[in-house]
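One structure below.
Fair warning: this is a prediction, and the values are worked out from it, not measured in the lab. Chain A is the first sequence line, chain B the second, and so forth, proteins listed ahead of strands; every chain is numbered from 1.
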Amino acid sequence: QDTKEQFFPLLVYRTGPYAPNGTPWANGKQDYIKLVNSQGGINGVKIAFEECETGYATDKGVECYERLKSRPGVAVFDPQSTGITFALTDKAPSDKIPLITLGYGLSASQDGNVFKWNFPLMGSYWTGADILVQHIAKREGGLDKLKGKKIALVYHDSPFGKEPIPLLQERAKLHGFELSLIPVTAPGVEQKSAWLQVRQQRPDYVMLWGWGVMNSTALKEAVATGYPRDKMYGVWWAGAEPDVKDVGANAKGYHALALNTAGTQPKVIQDILKNVHDKGQGTGPRDEVGQVLYTRGVIIQMLTIEAVKRAQERFGKGKVMTGEQVRWGMENLALDQKKLDALGFAGVLRPISTSCQDHMGSTWARIHTWDGAKWGEMSDWYQADDSLLKPMVKAAADKYAGEKKITRRSAEDCGS
Amino acid sequence: MSSSPDIVLNVNGIEVIYNHVILVLKGVSLQVPEGRIVALLGGNGAGKTTTLRAISNLLKGERGEVTKGSIELRGERIENLSPADLVRRGVVQVMEGRHCFAHLTIEENLMTGAYTRSDRGEVAANLEKVYAYFPRLKTRRTSQAAYTSGGEQQMCAIGRALMANPSMVLLDEPSMGLAPQIVDEVFAIVKDLNEKERVTFLLAEQNTSMALRYADYGYILENGRVVMDGPAEGLRENEDVKEFYLGMGGGDRKSFRDVKSYKRRKRWLA
Amino acid sequence: MDLPLQATAQDEGSSRPARRIGEPILEVKNISLGFGGVKALTDISFDVREHEVRAIIGPNGAGKSSMLNCINGVYSPQQGSITFRGKTFKHMNSRQVAEMGVARTFQNLALFKGMSVLDNIMSGRNLKMKSGILAQALRWGPAQREELRHREFVEHIIDFLEIQAWRKTPVGRLPYGLQKRVDLGRALAMEPQVLLLDEPMAGMNVEEKQDMSRFVLDVNDEFGTTIVLIEHDMGVVMDISDRVVVLDYGKKIGDGTPDEVRNNPEVISAYLGAEH
Amino acid sequence: MGFFLETLFGGLMVGMLYSLIALGFVLIYKASGVFNFAQGAMVLLAALAMARFAEWYPKWFGFDNLILANVLAFATAMVLMVAVAWIIERLVLSRLVNQEGITLLMATLGITYFLDGAGQTLFGNDIYTINVGMPKEPLLVMQDTFQGGLLLSQEDLIAAVVAAALVLLLALFFQKTATGRALRAVADDHQAAQSIGIPLSRIWVIVWSVAGFVALVAGIIWGSKLGVQFSLSLVALKALPVVILGGLTSVPGAIIGGLLIGVGEKLSEIYIGPLLGGGIEIWFAYVLALLFLLVRPQGLFGEKIIDRV
Amino acid sequence: MLYRENGQFKTTYAADLQIFPILQDRIAIIALLVLAFAVVPALSSEYFLRAILTPFLILSLAALGLNVLVGYCGQISLGTGAFMAVGAYAAYNFHVRIDGMPLILSLLLGGLMATLVGVLFGIPSLRIKGLYLAVATLAAQFFTDWAFLRINWFTNNSASGSVSVAGLSVLGMPIETPVQKYLLCLSFLAVFGLLTKNLVRGAIGREWMAIRDMDVAAAVIGIRPVYAKLSAFAVSSFIVGVAGALWGFIHLGAWEPAAFSIDRSFQLLFMVIIGGLGSIMGSIFGAAFIVLLPIFLNQVPGWFGLSISTALASHLEFMVFGALIVFFLIVEPHGLARLWSTFKEKLRLWPFPH
Ligand SMILES: Nc1ncnc2c1ncn2[C@@H]1O[C@H](COP(=O)(O)OP(=O)(O)OP(=O)(O)O)[C@@H](O)[C@H]1O
Ligand SMILES: Nc1ncnc2c1ncn2[C@@H]1O[C@H](COP(=O)(O)OP(=O)(O)OP(=O)(O)O)[C@@H](O)[C@H]1O
Ligand SMILES: [Mg+2]
Ligand SMILES: [Mg+2]
């Protein structure tokens with residue numbers, strides 16, 4: 001490659017129904033790149049980037065992908081949408097471009113033996129749902145206490161919202177709680193009947209698998225039907241500022257999964273404020289820096305860049321990496337606490353290490369609670385239960401492999 | 001442009017193009033004096049309706065435009081006025097093909113005709129007058145216009161225009177679809193309004209004999225050009241007019257059964 | 001296919017063959033039709049004989065168009081029956097009527113505005129076209145030949161009505177008089193036994209009316225098509241019709257030859273006025 | 001029983017809110033024969049303006065009186081809606097006089113894109129709040145009649161009352177007045193209306209302004225319920241079955257249709273939904289409207305569709 | 001006077017019955033086909049083929065199908081997305097459930113299922129008209145959206161409701177590269193375009209148009225509204241269904257119901273109206289306009305070296321897009337195809353103005 005820059009295509013949605021959530025996420029990603037560039041790039045390799053607006057629509061996402069994938073120095077795509085991920089999953093292998101789908105996408109793609117190019121780093125909907133069940137159980141005083149309880153899943157009626165269902169059903173069978181499924185038609189602006197159902201069924205807990213406007217509307221309906229907010233648990237995509245901001249104090253007590261912390265204390269956030277925003281190069285408004293989704297964007301970009309670094313360690317420092325090489329880097333991430341601290345991510349996330357079999361690297365997450373004005377109070381870390389997940393992931397991956405006539409990767413392939 | 005003071009309407013060499021390509025009027029000029037009845041004659045597709053539309057500014061909705069020439073109403077250029085402005089200046093058009101408001105009742109149709117007027121008493125009186133002209137309308141006053149017969153709709157359209165109390169009426173084929181005695185009545189009404197209220201009429205008609213009987217002056221339009229004009233009596237006596245528009249070649253009216261079937265062409269065809 | 005239309009080109013019309021007016025082909029018995037409070041037709045009966053030109057006249061709103069609408073199934077009368085070629089029916093849908101050979105034209109021009117003259121007239125032949133959708137899509141042999149055959153027939157009608165120059169023009173753009181001709185052409189394309197004409201000459205000048213009368217008479221002569229005609233021009237009616245029905249306020253007030261009708265005092269007072 | 005009533009009331013109140021949006025459609029359709037797909041975009045634009053100006057005015061002029069801010073913002077948003085109406089008339093409608101319904105419909109879709117873009121360019125695309133002091137806490141009534149009581153949303157109740165009042169007001173205005181008649185005439189035949197002196201441009205500016213006003217009220221009510229952001233424009237979709245069920249041309253139809261759809265979809269979701277796996281209300285509303293139209297193709301109170309030769 | 005028909009006399013009706021009776025048109029269309037089949041794939045970049053031309057072709061096909069219904073038969077439908085979805089999911093099921101099912105057959109069977117559903121949802125059109133019908137067709141849209149999410153059988157029990165296909169081939173030739181995909185879609189479009197053209201200029205086409213223009217008069221000349229309307233729904237949803245299957249199989253590869261959402265329905269309606277109702281070419285023009293314009297607008301700021309924020313750019317794009325739609329409607333309410341034919345008419349007169 002004759003380019004001197006590593007190129008990061010950024011698929012974003014700053015417009016449309018999901019814009020309030022898509023925007024801080026996209027800003028975080030950009031700001032981190034700017035930070036790295038201001039510090040000299042990846043071992044001297046500068047990062048070029050370009051945003052492409054998808055509006056959360058699959059076909060626009062595909063167009064963006066096709067447009068940007070052949071840029072020189074392209075390293076990795078982050079589709080930022082479950083639907084786009086599905087469409088790109090088939091294209092990535094032939095284009096030899098890895099997909100990073102942090103906290104979303106196909107749960108089964110954790111299995112790197114089948115999904116060579118997918119990286120659902122840090123968690124999937126199955127791990128998320130699993131952790132929520134664990135947390136609720138803990139609150140009740142043990143998994144056995146779940147017996148006879150009633151949990152309602154209020155979910156976005158789309159593949160995104162339906163992903164956790166198999167796991168929850170599995171858990172329900174295991175512990176004897178009753179799971180009721182309440183779909184909300186996308187985008188979720190009218191939820192009266194969903195919440196009437198909640199009121200009718202009086203579940204002990206409500207899990208909220210929403211995105212965008214659905215989350216705040218759900219909270220408002222919960223207020224209107226008098227469902228206690230502190231019995232509500234959201235997925236990590238229902239646990240950021242835009243979801244609760246305009247419900248404000250009324251949402252006090254609502255919990256959600258947290259893949260990362262929020263706030264401006266972490267060193268990396270301070271660095272961004274100092275080296276990017278104070279120089280007038282910030283992407284979004286300054287007071288949004290350090291918010292939940294913003295920080296998640298930063299993490300995604302950090303992991304991507306670390307993958308490039310890791311690849312450079314093997315394929316040559318200071319060189320521009322190909323997609324193929326970055327994939328290797330991503331498959332061999334080993335970010336221990338020390339490295340994270342050095343990068344300024346102390347306390348933001350747990351160490352992560354990936355392998356050929358495990359493209360997720362970490363299944364740890366916490367639960368945080370809205371205090372009426374900001375996301376505060378973090379629970380302890382939980383880890384998804386491998387004994388439950390592994391067989392499910394394997395079964396799903398095998399089914400996929402069967403349909404697609406893919407053979408599992410051999411040991412040498414893993415090593416390469 | 002010398003328009004003598006008693007010329008209400010002065011159309012000056014206008015060209016009209018539909019849809020940017022179809023040239024329909026190729027320089028039509030005509031003048032309508034105050035308080036007169038002027039007839040616009042000519043075969044199908046001659047451009048009569050187009051001329052009236054150009055005057056009342058209803059071309060836009062048909063995707064037509066006046067590309068040349070000028071139109072003056074009492075000395076004022078009116079090409080850029082809206083149809084509503086023209087109605088306020090007293091010029092009302094009765095459109096060809098009725099155009100009643102289908103969902104409105106006959107009476108509501110008539111009442112919308114008085115949209116520009118505010119004096120309720122006068123409007124009520126005017127309504128009675130229209131009903132007196134067309135008793136048939138009174139009996140059908142509550143039925144929706146779409147469900148009345150063709151002739152009833154035609155009466156409704158004429159009546160509606162009269163409700164605006166116009167000083168000048170552009171009548172497009174008023175006699176179409178009307179029973180003979182109603183045709184007589186319509187022309188009688190025209191004459192009546194013209195004489196009693198000095199309403200000026202510009203009349204596009206196929207019923208040439210009727211039109212020439214009541215009009216003061218006539219223009220004959222063929223293929224977008226004025227091919228002949230003159231006082232009504234003169235035209236009535238003209239041999240060509242007799243043959244082609246009055247069906248009286250050689251003096252007498254021929255029976256429709258005996259008309260020769262070989263094709264005759266109008267001599268003036270451009 | 002037999003194409004009798006070709007004969008018209010030579011016909012000079014001076015000496016007309018004696019027309020063979022036959023038995024009643026269409027009988028209307030005691031038809032009554034009302035819309036809410038309005039009685040459009042009250043107990044109307046009349047007959048139409050084969051090959052004749054039968055006129056219906058009457059003041060505006062008398063129920064003439066409604067009568068035609070009853071005959072070809074657009075309205076269904078509350079009472080009465082219609083007999084066509086010996087078959088009696090109370091109500092039929094438009095398609096059945098069309099299949100039996102009744103065609104019509106419309107008072108308010110009911111042409112297919114977005115279609116060309118040719119297509120409008122061709123659509124009158126649809127009843128006779130049999131190819132299935134797939135065959136039409138592929139345009140293979142029989143379908144193509146069928147289309148051609150009918151096209152030929154339609155071209156004769158176009159020649160006959162002298163509208164060759166406008167063949168491909170969308171009818172919406174034609175002047176009113178020509179549209180009336182196309183309307184007639186469409187009806188002719190159905191090769192009807194009975195042709196119902198609703199004010200075919202409205203909005204025409206004398207010359208054009210002459211042309212139109214010519215067409216009507218030729219159709220009547222050459223094909224023996226029976227014609228039912230509504231018209232307000234008394235000159236035309238008196239000249240070309242064999243018998244005349246007069247309606248007034250939905251009632252029949254006269255029936256007979258033009259001369260009889262012309263001199264019927266009731267008809268004069270209700271419709272004709274003194275002058276005519 | 002108590003729960004059934006709750007569902008019923010819930011349906012009625014949501015239905016009333018649907019009516020409010022449906023009303024915007026009906027007004028414009030009735031007065032110009034235009035099926036205005038931009039109604040949703042207008043709701044969004046109005047709500048955005050309301051939310052942002054209520055936030056900006058106190059900042060610009062340094063006061064912090066919520067009521068004053070809201071009143072000023074309301075006035076400003078209304079001015080904006082009138083301006084929009086005027087621009088639409090000038091640039092779009094006046095150039096499409098006498099065109100077919102479907103062309104006009106497409107033009108309003110074009111307008112939708114434009115307004116969506118313009119609104120978010122001017123006012124931003126984050127989530128904003130409208131705070132007109134709507135009570136959020138539910139009301140518990142008839143606790144002694146039913147076990148557990150009846151839970152009513154105060155916010156919905158107030159909104160429904162406002163919506164009902166507005167709908168009634170407009171219904172009165174459009175019935176039988178000379179203006180009402182003129183509007184119906186315009187809808188029937190643009191050209192003929194022009195020919196008898198009805199000034200199309202003025203009528204259209206007025207009607208679109210009124211529709212803008214309705215959009216503003218709907219925007220405030222829905223906006224304070226949902227928060228103001230792009231999705232707000234999608235509530236228009238919920239109003240479509242209401243419009244056809246009630247009849248495109250009928251103001252009272254919009255109310256009755258709204259109530260029917262509101263109740264129908266809630267009851268169906270609660271009582272039939274679980275049998276089918278849930279999430280059926282959106283199509284159920286449409287199917288309801290569709291079945292109804294099979295019986296009455298012009299909707300409940302719509303004008304009969306005329307086809308006559 | 002380059003473009004004129006004077007002097008081209010047709011001596012037989014068969015000659016006049018040709019699809020393109022004017023010689024210049026015939027030459028132009030042949031040139032166009034050569035260009036599309038041979039030159040374009042050779043010259044275009046992968047991005048162009050994959051991200052622009054392929055979706056453009058598929059959406060042209062869908063627009064063509066919709067045009068049969070809306071443009072020719074006058075029945076406005078907002079449920080196009082639904083019929084695309086039925087086509088895609090049905091084809092998917094044929095593809096995965098029946099081993100060794102040829103791709104083309106799957107696609108066509110998908111279209112056939114869409115036909116069935118289309119006819120079913122077309123039945124109300126016998127009573128419901130105009131805008132009422134348009135809104136009522138949304139029932140189809142929302143119902144299928146729901147059904148494909150809720151009924152697991154349709155998605156071969158995929159947990160999330162998202163499905164995907166892989167390893168496509170036609171007659172043993174794999175369909176993988178952008179060029180192959182492009183050619184497959186192009187062939188579909190060309191064949192269906194031809195067949196549709198044959199239909200609309202034949203008896204059935206006249207029935208559709210007659211129903212569209214004046215249904216009472218159509219009935220009087222013996223056209224059965226039931227047959228005409230339902231056949232239009234059938235043909236239209238067949239084509240739309242095949243387009244849907246192509247969209248899923250060829251363009252996306254993996255999809256969820258949102259790929260055929262109501263936005264898609266509106267987008268297609270846009271295409272046929274902007275392009276020209278009742279015109280085959282119009283469908284293609286319309287698709288080009290609606291597919292290409294946003295992509296084009298999206299890149300404009302870049303050419304001028306302007307760096308505006310993504311959100312602003314995309315809002316501006318919305319505004320320009322909306323404004324252009326209105327602009328074109330004002331210039332020619334009957335669509336781009338009419339604009340084109342007006343232009344040809346002018347060309348015919350050129351250099352003499354009239
Ligand atoms: N909207 C239009 N678009 C295109 N051409 C038109 C349009 N309206 C009229 N024309 C054409 O303009 C010419 C003149 O039409 P116009 O209606 O003015 O004639 P007319 O004299 O009123 O005829 P008639 O007596 O039949 O009403 C005709 O050839 C007609 O085809
Ligand atoms: N569908 C309908 N609904 C209500 N009333 C109708 C309907 N059709 C016709 N009428 C009424 O029936 C009466 C007869 O109408 P018809 O059209 O038959 O009259 P006509 O004799 O053809 O008159 P014209 O010579 O004016 O065309 C009219 O008063 C008309 O209003
Ligand atoms: Mg005329
Ligand atoms: Mg009549």
Side-chain angles (χ1 to χ4, degrees), chain D residues 29 35 37-38 41 88 91-92 95-96 99-122 124-125 237 240-241 243-245 247-248 276-280 282-291 293-295 297-299 302 305 307-309, chain E residues 70 74 76 78 121 123-124 126-147 149-152 214-217 219-220 262 266 269-270 272-274 277 311-312 314-331 333-335:
Chain D
Y29 187 78
F35 194 80
F37 257 110
I88 289 178
L91 297 184
V92 185
R95 286 154 208 268
L96 287 172
Q99 297 306 325
E100 282 158 44
I102 186 152
T103 306
L104 292 166
L105 179 138
M106 270 302 124
T108 65
L109 274 170
I111 294 173
T112 307
Y113 278 94
F114 189 86
L115 290 185
D116 280 347
Q120 295 183 74
T121 308
L122 290 176
N125 52 353
L237 278 182
L240 291 182
V243 183
I244 57 167
L245 181 76
L248 272 171
L276 298 173
I280 66 167
I282 176 92
W283 62 261
F284 197 87
Y286 281 93
V287 170
L288 198 69
L290 182 95
L291 292 178
L293 289 186
L294 287 177
V295 185
Q298 70 274 35
I305 299 162
D307 60 311
R308 219 201 132 194
V309 280
Chain E
V70 183
I76 310 172
L78 288 173
F121 278 99
I123 291 173
L126 302 177
R127 243 183 103 68
I128 307 173
K129 298 198 168 120
L131 290 169
Y132 287 95
L133 179 68
V135 176
T137 53
L138 283 175
Q141 176 70 53
F142 289 116
F143 181 77
T144 50
D145 273 3
W146 174 86
L149 267 176
R150 191 69 60 241
I151 303 174
N152 281 336
M214 175 102 10
D215 49 0
V216 185
V220 166
I262 182 172
F266 275 115
L269 193 63
F270 259 134
V272 295
I273 292 175
I274 292 285
L277 288 171
L312 181 61
S314 140
H315 293 148
L316 288 178
E317 187 189 313
F318 262 50
M319 290 169 70
V320 175
F321 184 63
L324 276 176
I325 283 173
V326 173
F327 173 79
F328 274 101
L329 286 176
I330 291 171
V331 173
H334 294 107

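In this structure, CG in D:L240 is found 6.5 Å from CG in E:L138, a value given to the nearest 0.5 Å. Note: D:Q298 CD to E:K129 NZ = 11.0 Å, rounded to the nearest 0.5 Å. Between the NE2 atom of E:H315 and the CG atom of D:L122 there is a distance of 10.5 Å, given to the nearest 0.5 Å.
What you find for D:I244 and E:A136 is that their closest heavy atoms are CD1-N, 4.0 Å. Considering every non-hydrogen atom in both D:M106 and E:I325, the closest pair reads O-CG2, 4.1 Å. Nearest heavy atom pair, residue E:F266 against residue D:L109, reads CD2-CD1, 3.9 Å. The shortest heavy-atom contact between E:R150 and D:G279 is NH2-CA, 4.3 Å. Of all non-hydrogen atoms in D:L290 and E:I128, the two that sit nearest each other are O-CD1, 4.0 Å. Shown here for D:L91 and E:I330, the closest heavy-atom pair between the two residues is O-CD1, 3.3 Å.
The contact between E:I76 and chain D is made entirely by side chain atoms (from C-beta outward), counting heavy-atom distances below 4.5 Å. In this structure, the portions of D:I102 lying under 4.5 Å from any heavy atom of chain E include both its backbone and its side chain. In this structure, chain E has a heavy atom under 4.5 Å from the side chain of D:Y29, while its backbone stays farther away. Heavy atoms closer than 4.5 Å to chain E are found nowhere in D:A289, neither backbone nor side chain. With a 4.5 angstrom heavy-atom cutoff, D:L105 touches chain E only via side-chain atoms. In this structure, no portion of E:L133 lies under 4.5 Å from any heavy atom of chain D. Only the side chain of D:L237 comes within less than 4.5 Å of a heavy atom of chain E; its backbone N, CA, C and O stay farther away. Heavy atoms closer than 4.5 Å to chain D are found in both the backbone and the side chain of E:L269.
Ranked by heavy-atom pairs under 4.5 Å with chain D, the list E:W146, E:F143, E:F318 is led by E:W146. Comparing E:Y132, E:F328, E:F142 by heavy-atom pairs within less than 4.5 Å of chain D, the highest count is held by E:Y132. For the set D:N125, D:L288, D:L245, the entry with the most heavy-atom pairs within less than 4.5 Å of chain E is D:N125. No other option in D:G119, D:G247, D:G278 has as many heavy-atom pairs under 4.5 Å with chain E as D:G278. Note on D:D116, D:L276, D:L291: by heavy-atom pairs under 4.5 Å with chain E, the leading option is D:L276. No other option in D:L104, D:I111, D:T108, D:I280 has as many heavy-atom pairs under 4.5 Å with chain E as D:I280.
Between D:Y113 and E:F270, the two ring planes are tilted [angle within 30° to 60°].
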Evaluation steps, side-chain contact (heavy atoms from CB on, under 4.5 Å), between D:Q120 and E:M319: CA-CA 10 Å; D:Q120 295 183 74; E:M319 290 169 70; over 6 Å; no
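The shortest distance between side-chain heavy atoms of E:V135 and D:Y286 falls below 4.5 Å.
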